[in-house]
Every structure is written in structure tokens, then in C-alpha cells.
Student: 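This structure is in C-alpha cells; I'll ask about it shortly.
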Amino acid sequence: MHGKGLRALTLATLVALSATFALVVFWAPNDADQGFIQKIFYLHVPVAIITLIAYVVAGIFAWRQLKTGSREWDLRSYVVIHIALIFNIVGLLTGAIWAKASWGHWWVWDEPTLVSFLIVFLLYATYQPLRFSIEDPERQARYASVFAIIAGAFVPLNFMAVRMATSLVHPRTFGTANGGLPGEMMFVFLVSIVAMGLLFWLIVKYEIAQKTLTWQIRALRRRLLGDDAVAPLGRSAAPTIAPQEAPAR
Amino acid sequence: MNPLAVLAAAPAVPYDKAGRYVAAAFIVLFAIVLIYVAIMATKLQRLERDLGDINRELDRRQREQAESADGVGPAVGAATAAAAQENAS
């Protein structure tokens with residue numbers, strides 16, 4: 001039943017994204033220090049936060065997979081990491097644009113926040129090759145789950161370590177001695193986090209629905225037309241779902 | 001006053017360097033979502049093709065069943081008539 005509620009979720013995401021865009025461009029005040037360039041913050045930071053949360057959620061799904069042995073949890077963990085990687089790329093690109101606009105450089109290697117986000121990206125970039133290297137689906141799911149749990153635990157540790165590191169370059173927005181965001185900026189920021197969270201959830205749901213549907217149709221083809229009508233499975237990084245495990249729609 | 005003239009005089013996104021960078025950041029997100037939608041559309045087309053195959057096969061089987069059901073009646077009748085004629089003779 002992964003397709004359930006997709007229409008409502010799509011509408012909610014569209015409304016939230018439109019509201020975010022309108023609020024960022026027309027309503028949020030310009031930053032006194034950075035001016036209009038600071039508006040990238042409403043895109044870059046929520047995307048980065050959703051990415052990091054998603055990696056932790058993927059670890060929780062992977063833990064459920066190890067506990068239950070269900071491929072459904074493996075699929076969820078895989079899809080969440082897959083989409084989080086795309087969000088990670090958006091975070092890196094928007095961060096680079098912001099860095100170029102405000103610091104004059106696309107990348108600053110001595111800035112812990114940037115480098116740690118890149119390290120997290122590179123860590124998760126090895127997830128797909130790891131899966132691809134294992135042919136047996138059971139082992140693939142198990143090893144990938146162990147990876148997702150360990151990497152998922154690394155993400156908050158990494159985040160805390162970076163927060164503890166002192167930096168004079170990257171702005172700190174929350175919990176600083178200088179105070180947080182002003183009310184209007186905070187409101188727009190929270191709307192943006194909700195919008196990015198909805199967008200992430202929507203894409204994950206579409207991806208899971210598509211994958212589940214593909215497997216159900218494959219199983220149906222085999223039952224109806226025989227084994228010859230179904231192309232043999234090649235090696236794949238994506239999890240395979242046995243027809244009996246594919247949820248009824 | 002013409003609203004377009006107001007927008008042109010005080011644009012939401014300034015035409016200077018800052019405006020271009022902010023626009024670029026939003027275009028990155030928009031482009032990646034657009035690429036994802038395009039990939040998803042291709043996958044959906046494949047699913048539709050597979051479903052079409054399944055539907056065609058089901059139609060073919062239904063037609064065959066209907067034809068054989070039509071054919072069973074007269075064939076059985078003819079066989080029964082032949083057997084009856086044989087018995088009578």
C-alpha cells in the first residue's frame with residue numbers, strides 16, 4: 001500500500017515548496033551582514049538537515065531489517081539512503097554556491113562543517129558499490145544493513161564533533177551565545193524544513209511504490225507468461241523483493 | 001500603476017551578483033527534482049508497457065477460451081449424433 005496518500009502528499013509538498021519560495025523571496029528580511037545572498041540559507045540548511053536525519057532514519061530501518069529479516073525494511077533503508085545521497089549533492093552544490101558568493105571560494109578545506117558534510121557524502125557514496133559487490137540478496141541485505149547502522153550512528157557523532165569544533169568562518173545559527181535567528185527568519189526557516197521534509201518523504205514514497213509495483217508486475221508476468229517472459233535478474237545494487245513479500249496494493 | 005512596472009523597479013530577486021547566486025541555488029534544486037521526475041516517467045512508461053503485455057495475454061486467453069467453449073458444443077453434438085447413428089444401425 002505504498003501508493004496510498006501519494007496525491008495528498010504531492011499536493012502538500014507543492015503547497016509547502018511554493019510557500020517557502022514565496023516567503024524566501026518576498027517576505028524574509030535581508031540579512032544585515034550578508035544581504036540577499038543569505039537567502040540561500042533557507043534552501044541549503046534545511047536540505048542538509050533533512051539529509052542527515054534521513055541517514056539516521058535509514059540506519060533505524062536497517063536495524064529493523066536485521067531484527068525481522070524482512071526485505072521490506074531493506075528496501076526502505078536502501079531508498080532512504082538513495083534519496084538522501086541526492087539531497088546531499090544538492091546540499092553540497094548549494095553550499096558551494098553560497099561559499100563562492102560570500103567567501104569568494106567554491107570550497108574551503110579548513111572549514112569543519114563543509115569537510116564533514118563531504119566526508120558523510122563520500123561515506124554513503126560507498127553504499128551502492130558495497131551492495132553491488134554482493135550477489136546473494138540475503139547477504140547483500142545483511143551487509144548493507146550493518147553498514148547503514150554504523151554509518152547512521154556516525155552521522156550524529158560527526159555532527160556533534162563539528163559543533164564542538166570552533167570555527168570563525170561557517171555561521172552558527174542555533175544555540176549560540178550571540179542569539180539565534182530573528183522571528184521572521186526562523187519562521188521561514190521552519191517552513192522550509194517542513195517543505196524539504198515533505199519533498200524527501202514524497203520522493204521516497206514514489207520510489208518505493210515504483211519498485212514494489214515493478215516487482216509485482218514481474219511476478220505477474222512470470223505466473224502468466226512463464227519464466228521465459230521475464231528477463232533474468234542481473235546483479236543489482238537495489239534490493240530484490242520476493243513476490244510473496246511485495247505488499248498487496 | 002502597472003504591477004509589472006513596480007516589479008521591474010523593485011524586483012524580488014535583484015539583478016546583481018547576489019540575485020544570480022541565489023537563483024542558481026534554487027535552480028540546482030529545481031533541476032535535480034526535474035531530472036528525478038523525468039527518470040520516474042521513464043520507469044512508469046516501462047511499467048505501462050509490461051502491464052500492456054499482461055493485458056494482451058489475458059485478452060488472448062479469454063478469446064481462446066471463448067472460442068473453445070463455442071467449439072465444444074457442436075463438436076460434442078456431432079460426436080453424440082454419430083454414436084447414436086452407429087448404435088441405431
Student: Is it true that a side-chain atom of A:His44 and a backbone atom of A:Gly91 form a donor plus acceptor pair closer than 3.5 Å?
Tutor: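 Yes, because the side chain of A:His44 sits within donor-acceptor range (under 3.5 Å) of the backbone of A:Gly91.
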Student: Using heavy-atom distances under 4.5 Å, tell me whether B:Tyr36 contacts chain A through its side chain, its backbone, both, or neither.
Tutor: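 It is the side chain, since no backbone atom gets that close.
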Student: Heavy-atom pairs under 4.5 Å with chain B: which of A:Val90, A:Ile97, A:Thr214 has the most?
Tutor: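 That would be A:Ile97.
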Student: Considering only heavy atoms, which portion of A:Leu224 lies under 4.5 Å from any heavy atom of chain B: side chain, backbone, both, or neither?
Tutor: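 Both backbone and side chain.
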Student: Name the region of B:Arg61, side chain, backbone, both or neither, that has any atom closer than 4.5 Å to a heavy atom of chain A.
Tutor: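 Only the side chain of B:Arg61 comes within 4.5 Å of chain A.
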Student: Using a strict 4.0 Å threshold on nitrogen-to-oxygen distance, state whether B:Arg56 and B:Asp53 make a salt bridge.
Tutor: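 A salt bridge links B:Arg56 with B:Asp53.
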Student: Decide, yes or no, whether a salt bridge links B:Glu57 with B:Arg60 under the criterion of side-chain N to carboxylate O below 4.0 Å.
Tutor: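 Looking at B:Glu57 and B:Arg60, the cut-off is met.
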Student: Run the side-chain contact (heavy atoms from CB on, under 4.5 Å) test on A:Val79 and A:Phe61 for me, step by step, so that the C-alpha distance in whole Å, both residues' side-chain angles and the decisive distance to 0.1 Å come before the verdict.
Tutor: CA-CA 10 Å; A:Val79 170; A:Phe61 287 167; over 6 Å; no
Student: Should we say atom CZ of A:Arg223 is surrounded by more than 12 heavy atoms from elsewhere, each under 6.0 Å from it?
Tutor: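 No, CZ of A:Arg223 has 12 or fewer neighbouring heavy atoms, counting only those of other groups under 6.0 Å.
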Student: Examine whether an atom of A:Glu207 lies under 4.5 Å from a heavy atom of chain B, and if so say whether it belongs to the side chain, the backbone or both; otherwise answer neither.
Tutor: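 Both parts, backbone and side chain.
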Student: Check whether A:Leu93 gets within reach of chain B through its side chain, its backbone, both or neither, counting any heavy atom under 4.5 Å.
Tutor: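 Answer is side chain: those atoms of A:Leu93 sit under 4.5 Å from chain B.
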Student: Do A:Tyr206 and A:Thr10 have side-chain N/O donor and acceptor atoms under 3.5 Å apart?
Tutor: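 A donor-acceptor contact under 3.5 Å links the two side chains.
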Student: Under 4.5 Å heavy-atom distance to chain A, tell me which part of B:Ile32 shows up: side chain, backbone, both or neither.
Tutor: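 B:Ile32 touches chain A through side-chain heavy atoms alone.
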Student: Check whether B:Val33 gets within reach of chain A through its side chain, its backbone, both or neither, counting any heavy atom under 4.5 Å.
Tutor: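 For B:Val33, the contact with chain A is made by the side chain alone.
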Student: With a 4.5 angstrom heavy-atom cut-off, which part of A:Leu199 approaches chain B: side chain, backbone, both or neither?
Tutor: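 For A:Leu199, the contact with chain B is made by the side chain alone.
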Student: Quick one: which of A:Leu17, A:Val24, A:Ile40, A:Leu220 has the most heavy-atom pairs under 4.5 Å with chain B, could you say?
Tutor: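 Counting heavy-atom pairs under 4.5 Å, the top option is A:Ile40.
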Student: A:Ser192 side chain to A:Tyr42 main-chain N or O, any donor-acceptor pair under 3.5 Å?
Tutor: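 Yes; at least one donor-acceptor contact below 3.5 Å.
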